[in-house]
Each structure stands twice: as structure tokens, then as C-alpha cells.
Protein chains: 4
Amino acid sequence: MTQAAERRAPGDPPLPDRLLAVATRMFAEKGFGNTSVQEIVEAAGVTKGAMYHYFGSKDDLLYEIYHRLLGLQTSHLERIADGPGTAEERLRAAAVDVLDTSFRHLDAFVVFFRSLHLLSRDRREAVRAERRAYHERFRGLVEEGQREGAFRADVPADLAVHFFFGAVHQIGTWYRPGGRLEAEAISEHYADLFLNGLRN
Amino acid sequence: MTQAAERRAPGDPPLPDRLLAVATRMFAEKGFGNTSVQEIVEAAGVTKGAMYHYFGSKDDLLYEIYHRLLGLQTSHLERIADGPGTAEERLRAAAVDVLDTSFRHLDAFVVFFRSLHLLSRDRREAVRAERRAYHERFRGLVEEGQREGAFRADVPADLAVHFFFGAVHQIGTWYRPGGRLEAEAISEHYADLFLNGLRN
Amino acid sequence: MTQAAERRAPGDPPLPDRLLAVATRMFAEKGFGNTSVQEIVEAAGVTKGAMYHYFGSKDDLLYEIYHRLLGLQTSHLERIADGPGTAEERLRAAAVDVLDTSFRHLDAFVVFFRSLHLLSRDRREAVRAERRAYHERFRGLVEEGQREGAFRADVPADLAVHFFFGAVHQIGTWYRPGGRLEAEAISEHYADLFLNGLRN
Amino acid sequence: MTQAAERRAPGDPPLPDRLLAVATRMFAEKGFGNTSVQEIVEAAGVTKGAMYHYFGSKDDLLYEIYHRLLGLQTSHLERIADGPGTAEERLRAAAVDVLDTSFRHLDAFVVFFRSLHLLSRDRREAVRAERRAYHERFRGLVEEGQREGAFRADVPADLAVHFFFGAVHQIGTWYRPGGRLEAEAISEHYADLFLNGLRN
DNA sequence: TATGAATGAGCGTTCATTCAT
DNA sequence: TATGAATGAACGCTCATTCAT
């Protein structure tokens with residue numbers, strides 16, 4: 001009866017998703033280590049037991065955040081890379097997309113690059129492997145452009161990708177919504193700087 | 001007698017420096033939160049009390065690492081920016097230097113961008129202020145080049161600096177000494193990509 | 001199985017009460033500052049975590065001891081003050097009762113007057129407010145007697161109450177059970193000295 | 001040279017006295033346990049080594065505070081008790097004097113009754129023995145008055161002394177300088193209440 | 001007389017996790 | 001599915017005291 005009142009409304013996301021959303025926000029705000037399981041479950045309106053029913057550990061929460069974000073970005077990249085257009089066009093589209101996606105999931109993004117090293121070794125390796133695959137796919141586009149002569153060939157492609165991803169991964173440290181530049185504009189400028197840097 | 005044997009040899013660095021060196025290495029390896037004060041002082045061969053004689057808290061250790069690194073980079077930048085050469089030449093020199101310095105103090109560098117958010121609010125603000133001053137000095141060089149017509153003017157200078165520093169700040173996440181490319185080569189390539197990206 | 005044997009028997013007081021009882025005894029014996037949380041939980045047969053599940057801090061333990069004692073004394077005083085009899089009769093009854101209650105909860109009483117100053121400022125103020133209300137109720141009886149002419153009016157009532165309570169609050173520093181005089185006898189003598197002192 | 005400037009001026013009290021004065025004030029304000037040796041020596045403008053040169057331990061400071069206060073009160077009492085006048089007159093004078101002295105050395109007084117239990121067993125016993133002698137001398141005056149018929153004999157003399165000293169020892173918990181009543185007036189009222197209470 | 005670096009032992013508190021219900 | 005009492009291990013920090021100088 002009284003409990004029924006606290007039950008989730010039909011439109012609410014299921015508990016695991018709610019826990020992940022809450023955890024993502026709190027990890028981004030206060031850091032993984034400074035957010036206790038107690039705080040997460042309180043913010044989600046449940047108890048610890050409920051959380052441990054769905055997630056084996058606090059680490060699992062973090063891993064799941066990564067996993068979902070990586071899955072999203074990978075599927076985007078594959079769609080773009082396998083699509084039509086020159087290598088340069090597809091690289092530009094991919095660059096803009098990864099930035100747009102990052103801005104749209106900024107909390108998860110911030111957590112990713114700040115807390116990855118806190119995962120257990122196994123999990124960390126798993127994430128890195130996924131990340132590496134993503135990186136290599138992106139690099140493939142650069143190499144394609146170099147072979148076509150659209151990009152300078154004197155810069156190692158993997159280094160160029162590190163360069164660009166480095167710039168992308170740091171946006172969470174300085175970007176604040178509502179600033180002078182909109183996220184979309186920043187994405188375009190970043191893509192410009194990257195593509196122009198690769199030009200002959 | 002036995003104690004005398006444990007005393008520091010005349011050539012050894014003083015204890016505060018030794019503690020900072022040890023802490024920097026351990027924070028970089030295992031993270032700030034996963035390194036206990038006990039581990040630090042054991043690695044330095046002293047007791048906790050000795051550490052707390054010189055540093056008010058574990059946070060102070062972290063702050064001091066930042067402070068020294070920032071001081072070093074700032075002095076380098078000022079020397080270069082105030083030196084001879086065109087804006088483009090000085091910007092290139094500054095870009096190469098910040099990369100070289102980062103590679104040379106990679107542990108402190110890694111700690112910096114991974115653990116800054118763990119500092120107390122006051123300290124964090126202090127570091128950010130120092131960092132901002134550095135950023136603005138660098139941006140000044142970009143703007144100078146834009147006015148001279150050496151660089152494209154359609155990209156906001158501060159965004160370009162964020163872009164480059166983002167790339168730089170991430171090197172600790174993928175660079176491993178002894179890899180295919182030497183640190184010097186990476187520095188040159190990164191500077192190329194950045195400067196070329198700014199070109200008209 | 002083995003754990004079941006350590007579980008509390010049905011008749012045992014619940015853990016929070018057991019912890020409070022143990023803490024009261026130890027604080028009285030060795031002082032608040034010289035009693036570690038570890039000692040308390042060991043004496044209660046649980047771990048620290050269990051204690052911190054019920055009490056937010058060691059201070060909370062102290063506060064709760066005060067709070068319960070004050071609640072007890074306040075309810076007694078109200079019953080007596082609102083009861084039948086002349087002001088003098090009710091004041092005497094209240095005086096004897098506060099002494100009896102103090103002897104009966106001597107440990108809590110000793111802790112109270114020895115460790116109140118160790119509480120956090122907020123908590124200390126809360127206790128003082130409760131204490132002040134009790135004091136004022138008692139003073140009301142003195143003033144009533146003064147108005148009726150039963151007591152001398154040349155002594156400020158609040159001073160007389162300070163005087164009496166001072167005497168009462170110190171019994172823990174010299175009274176030892178099993179001495180020459182029983183607690184009841186002491187209560188009567190103290191009430192005599194107080195009431196006689198107030199007489200015209 | 002520069003040190004000479006910090007040397008004590010001819011009129012300043014010697015260091016041990018200064019340390020005791022500072023310690024007394026701080027113990028009264030924050031409690032013995034919450035005042036560190038470091039804070040004391042800083043407030044006195046010296047270093048730890050200097051303090052440990054004069055006092056063997058932090059406990060010694062506390063003991064010395066007690067010892068000086070007790071010596072003062074004892075000498076006063078002896079002078080009065082051995083002086084002229086009836087037992088009642090001398091008891092009243094002694095009562096007023098112990099109150100006046102207490103008000104005049106309120107900090108030491110507060111520390112005394114709050115922190116005595118923190119002393120080592122030996123020291124505590126030593127203080128108690130001194131205290132007992134004082135108590136017995138005072139009791140002698142009560143008994144003298146009882147034998148002379150000036151005071152009621154149905155109240156044990158030692159209990160009456162406990163009663164009065166109890167009231168006296170608590171003044172530090174409620175008296176604040178600058179209040180409605182001056183210390184002298186309070187002393188008189190307290191003596192009145194005590195003597196009147198003893199009257200037949 | 002006085003310094004101050006260093007010790008060593010202890011303390012209050014936190015927290016992810018488990019498990020009987 | 002979910003609760004919440006309880007565990008156990010660790011952690012940052014404090015502080016009276018010592019001692020070479």
C-alpha cells in the first residue's frame with residue numbers, strides 16, 4: 001500500500017538505469033572515490049541491497065558507465081566510417097560526431113578520463129581493448145586519407161589520432177554549458193584544427 | 001650508532017624533496033586515492049610524524065607537486081615568449097618546450113591531470129588560477145600570430161590553446177618510454193600538427 | 001551457527017542501549033577522552049562499524065547520555081512541581097528527588113559534569129538550553145515560596161538554585177557507595193541544608 | 001642580536017610562570033585534552049624544548065596549576081581559622097574568602113574541577129591529599145560551631161562541608177564576569193545560604 | 001638554555017561488502 | 001526483490017615526548 005506509492009511510475013526508467021544515471025552524475029561531480037555507495041542509493045531512493053542486486057560492486061557501476069559510452073561511440077563511428085564520401089569527408093564527420101557525443105554525455109565522459117585508472121586491472125584492460133579498437137578504426141580513416149594524398153604522410157597516423165583524441169578527451173576540464181561558444185561551434189572548430197593540421 | 005647509519009648522507013636530497021619524489025611516483029602509478037600516507041613514508045624510510053612535520057596533509061603533498069610543476073612551466077614559457085623571433089617561431093618553441101617538459105616530468109604530469117579534482121576547493125582554485133595565467137600567456141602568442149597574419153583568424157585563440165593543451169595533457173595516458181617514437185620526435189610532430197592547423 | 005550463538009538473546013537490551021550503558025560506565029571511570037571507541041565496542045562485544053551504524057560519532061554517544069538523563073530529570077520535576085502541596089513542600093520533594101535520581105544514575109551524572117565541555121559547540125548549546133529550562137522550573141518554586149513568605153526574599157532565587165545545584169552536581173566527586181551514609185540519608189541532609197538556608 | 005630583541009623584558013614574569021599562565025587560560029577555554037603542547041608554547045612564544053626544560057610533562061603543568069592554587073587557599077584558610085573571633089565568624093570569613101579567591105583565579109579553578117581526573121594516579125592522589133587536609137581544616141570550624149551550639153548538630157559536619165564546597169566548585173560553570181551580580185555579592189549570598197542553613 | 005626534526009603509538013571515522021530475513 | 005544490521009580492514013591525522021645539536 002504505502003510501498004505502492006513509492007513504486008516506479010510506468011514511464012520511469014528501470015532501477016539499474018536510474019542507478020547508473022545517478023552514479024554518473026555524482027562521480028562526475030565529486031569523483032569516484034569521494035562518492036559512497038550509500039550516497040548513490042540514497043539519491044536513487046533505494047537501499048544498498050537493491051543496488052547489490054543489480055551490480056556486483058561499485059566497480060561494476062563504473063565499468064557499466066564506460067561500457068555504454070563506448071558502445072555508443074563505436075556504433076556511431078562504424079556507421080560513419082562505412083558510409084559514403086571521401087576519407088576526408090568521413091574523417092571530418094567522425095571527428096564532429098565524437099565531439100557532439102562527448103558534449104551530450106559530458107558527465108560520463110568526464111568520469112571516463114578521470115577514473116579509468118581506478119578500475120580493477122581486468123576491467124581496465126577490457127575497457128582499453130574496446131578503446132583501442134575504436135582508436136584503430138579512426139586511425140584507418142587517417143591512413144586512408146594519407147594514401148589518397150589528401151593528408152600529409154609525414155605524421156604517423158596513430159600519433160595524429162592520439163593528438164586529436166587528447167584534445168577531445170579534455171573538453172570536460174574546461175567546457176561549461178552556457179559559455180560563449182555553443183558545443184556545436186566548438187566541435188566544428190576542433191574538427192577544423194585537426195583536419196587543417198593534417199593537410200599538406 | 002645504528003641510528004646514525006639511517007641518517008641521510010650529505011649528498012641526499014632533504015626529506016621534503018624525497019617525500020615529494022616518492023609521492024609523485026606512487027600517485028602516478030596507483031592514483032592519489034589508492035596510495036596511503038603509510039606507503040609513502042615507508043617508501044621514503046621515515047614515519048608519518050616526519051611527513052606531517054613538513055606537510056600539513058596528504059593534500060598538501062599533491063598541491064606541492066602541482067605548484068612546482070607549474071612554476072617550472074611558467075618560467076620556461078616566459079623566457080620563450082619574451083625572447084626573439086616571430087610569433088610563429090616563439091609559439092613553436094613554446095609548444096615543443098611544454099611537451100619536452102611534460103615528458104621529462106611525466107609522473108607529476110599524469111598526477112596533475114588525473115587528481116586535480118581531488119584537491120580541496122581552495123587549493124583547486126589556486127592551481128586553476130596559476131594554470132589560467134599560463135594559458136593566457138600562451139594564448140597571447142596565438143593572437144599575436146593572428147594579428148600578423150601568420151595564423152588563420154577564424155578560430156578563437158583560446159579554443160586553439162584548449163585544443164593543443166588537451167592533446168598535450170593526455171600524453172601520459174598513452175606514451176610509454178621506449179616505444180617506437182622518442183619523446184623528442186613526438187614533440188615535433190605535435191607542434192607540427194598544431195602549427196599547421198593554425199595556418200591559413 | 002557460531003554466529004547465532006553470539007546473537008543477542010531475546011531478553012537482552014538492544015545494541016544501542018547496550019553501547020550507551022557500556023560507554024556511560026567507561027566514561028565515568030576513565031573519562032571521555034581516555035576511553036577509545038575501540039574499548040567501548042569491545043566491551044559491548046561488537047565492532048566499530050556496528051556502533052557507527054547507530055551513532056554518528058563518539059560525541060553522539062555522549063550527547064545521548066546527557067539527553068536521556070535530562071529527559072528523566074525534567075519529567076520528574078514537572079510531575080512534582082505541578083503536583084499538590086505548598087511551594088516549600090514541593091521544593092523539598094523536588095530537591096530530594098533530584099538527589100535520589102542523581103545517586104541512582106551516578107555514572108551518567110559524573111560524566112555530565114565532567115565532560116559537557118568536550119561536546120561540539122552545537123550540542124553543548126542544545127544541552128545547556130535543556131538544562132536552563134530545568135533550572136528555571138526549579139527557580140519558579142523558590143520564587144513561589146518567596147512570594148508566599150515561606151522563604152527569605154533577600155537572596156536572588158536563581159543564585160539559590162545555582163547554589164543548591166552546585167552542591168548536587170558535585171556528589172559524584174566524593175560519594176562512594178557503601179560509605180557511612182546511605183544515599184537516601186545524604187539526600188535528606190542536603191535538602192535540609194538547602195531549605196533551612198532559605199528560611200527566614 | 002636579533003634574539004636579544006625577543007628576550008624577556010626586566011618586568012616580564014619568568015618563562016615557567018608565563019607558561020603556566022598561558023596553559024591555565026587555554027585549559028580553561030578548551031580543555032586539557034584539547035590543548036596541545038604545541039599550542040601552549042606557541043602562545044607563550046617559545047618552543048617545545050624550552051617547555052620540557054622546565055616541566056617534565058604536560059601533566060606537570062596541570063599539577064603545578066593545582067599545587068599553586070591549593071597552596072594559596074590553604075594559607076588563606078590557616079590564617080583565618082587560627083585568627084580571632086567565634087567559630088561562626090571565622091567560618092563565615094573562610095567561606096567568603098574561598099569564594100573570593102575562586103573568583104579571582106577562576107581559570108585555574110575551572111581547570112581544577114574539570115581535569116583533576118586526567119592526572120596520573122600518583123599525582124591525583126597527591127592533590128587529593130592536599131585537598132583533604134583543606135577540607136578537614138574547614139570541617140573543624142563547623143564542628144567547633146556545632147559544639148558551641150551555634151550550628152545545628154543533626155547534620156554531619158563533613159556532609160555540610162561537601163555541600164558548601166560543591167556549591168563553590170561549580171561557580172565556574174555558570175558565572176560570567178560582567179553579569180548582574182558582582183563576584184563579591186555572590187560570595188556574600190553564598191555564605192549567607194550556607195551559614196543560615198547550618199543555623200538551629 | 002633552547003631548538004626542531006623525528007618518533008611511535010594510538011585515535012576517530014569511513015566504507016564496500018555480506019547475509020539473515 | 002529488497003532490507004539494513006553488522007563486519008573488518010584500512011585510512012588520515014594528532015600529539016606527547018625524545019634527542020642530537
Side-chain angles (χ1 to χ4, degrees), chain A residues 3 6-7 15-16 32-41 45-61, chain B residues 1 3-4 6-8 14-16 32-41 44-61, chain C residues 1 3-4 6-8 14-16 19 32-41 44-61, chain D residues 3 6-7 14-16 32-41 45-61:
Chain A
Q3 286 182 331
E6 299 185 14
R7 279 215 165 309
L15 185 48
F32 179 77
N34 289 325
T35 306
S36 70
V37 170
Q38 187 62 43
E39 289 172 311
I40 295 169
V41 298
V46 293
T47 59
K48 286 185 188 174
M51 194 211 91
Y52 277 96
H53 183 75
Y54 292 108
F55 298 93
S57 67
K58 194 187 170 191
D59 260 43
D60 274 20
L61 276 175
Chain B
M1 282 288 172
Q3 287 183 328
E6 298 185 15
R7 277 193 123 35
R8 118 174 138 91
L15 185 49
F32 179 77
N34 289 324
T35 305
S36 71
V37 170
Q38 188 60 44
E39 290 172 312
I40 295 170
V41 299
V46 293
T47 59
K48 283 186 194 175
M51 193 211 95
Y52 280 96
H53 185 72
Y54 293 105
F55 299 93
S57 66
K58 194 187 169 192
D59 258 43
D60 273 20
L61 234 27
Chain C
M1 281 289 171
Q3 288 184 329
E6 299 185 14
R7 278 196 122 34
R8 116 176 138 92
L15 185 49
L19 285 165
F32 179 77
N34 290 324
T35 305
S36 71
V37 170
Q38 188 61 45
E39 288 172 312
I40 295 170
V41 298
V46 291
T47 58
K48 285 184 189 177
M51 193 211 94
Y52 279 96
H53 185 71
Y54 293 106
F55 299 93
S57 66
K58 195 186 170 193
D59 257 43
D60 273 21
L61 233 29
Chain D
Q3 286 183 331
E6 299 184 15
R7 278 214 166 312
L15 184 49
F32 179 76
N34 289 324
T35 305
S36 70
V37 170
Q38 187 60 43
E39 289 172 310
I40 295 169
V41 298
V46 293
T47 60
K48 286 185 189 175
M51 195 211 91
Y52 278 97
H53 184 75
Y54 292 108
F55 297 94
S57 68
K58 194 186 169 192
D59 260 43
D60 274 21
L61 277 174

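In what follows, chains carry the letters A, B, and so on, assigned in the order in which the sequence lines appear, proteins first and then strands, with residues in each chain numbered from 1.
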Partners passing side chain to side chain contact (heavy atoms under 4.5 Å, CB included) against Ser57(B) (at least two apart in sequence or in another chain) =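 Ser57(B) satisfies side chain to side chain contact (heavy atoms under 4.5 Å, CB included) with Asp59(B), Asp60(B) once adjacent residues are dropped.
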
Using side chain to side chain contact (heavy atoms under 4.5 Å, CB included) as the criterion, list what pairs up with Ser36(C), not counting sequence neighbours.
->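 Residues passing side chain to side chain contact (heavy atoms under 4.5 Å, CB included) with Ser36(C): Gln38(C), Glu39(C).
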
Rounded interatomic separation in angstrom, taking [atom1] from [X] and [atom2] from [N]:
| X | N | atom1 | atom2 | result |
| --- | --- | --- | --- | --- |
| Asn34(B) | dC11(F) | CG | P | 9 Å |
| Asp59(A) | dC15(E) | CG | C1' | 14 Å |
| Lys58(D) | dT14(F) | NZ | P | 14 Å |
| Asp60(C) | dT13(E) | CG | P | 9 Å |
| Gln38(C) | dC11(F) | CD | P | 17 Å |
| Leu61(B) | dG12(F) | CG | P | 11 Å |
| Ile40(A) | dT17(E) | CD1 | C1' | 14 Å |
| Leu15(A) | dT3(F) | CG | C1' | 14 Å |

Establish, yes or no, whether the cationic atom of Lys58(D) lies under 6.0 Å from the six-membered ring centre of Tyr52(D) and within 45° of the ring axis.
->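 No.
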
Using the C1' atom as the reference point in each nucleotide, state the distance between dT21(F) and dT1(E) in Å, no decimals.
->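 Nearest-Å result for dT21(F) against dT1(E) at atom C1': 13 Å.
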
Is the shortest heavy-atom distance from the side chain of Leu61(C) to the side chain of Ile40(C) under 4.5 Å?
->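 Result yes, sub-4.5 Å side-chain heavy-atom pair found.
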
Quick one: does Val46(A)'s side chain get under 4.5 Å of Met51(A)'s, heavy atoms only?
->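 Side-chain contact under 4.5 Å: no.
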
Secondary-structure notation, DNA chain F, from Watson-Crick and G-U pairs under 3.5 angstrom (| other strand) = .||||||||||||||||||||

Kindly state which residues belonging to residues 46-54 of chain B come within less than 4.0 angstrom of DNA chain F, counting heavy atoms of the residue only, listed by number.
->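 Going residue by residue through residues 46-54 of chain B, the ones with a heavy atom under 4.0 Å of DNA chain F turn out to be Lys48(B), Gly49(B), Tyr52(B).
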
Which distance, rounded to the nearest 0.5 Å, do you find between the NE2 of His53(B) and the OG1 of Thr47(B)?
->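 So the NE2 of His53(B) and the OG1 of Thr47(B) are separated by 11.0 Å.
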
Give, for atom OH of Tyr54(B) and atom CG of Leu15(B), the distance between the pair rounded to the nearest 0.5 Å.
->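 Between Tyr54(B) OH and Leu15(B) CG, I get 5.5 Å after rounding to 0.5 Å.
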
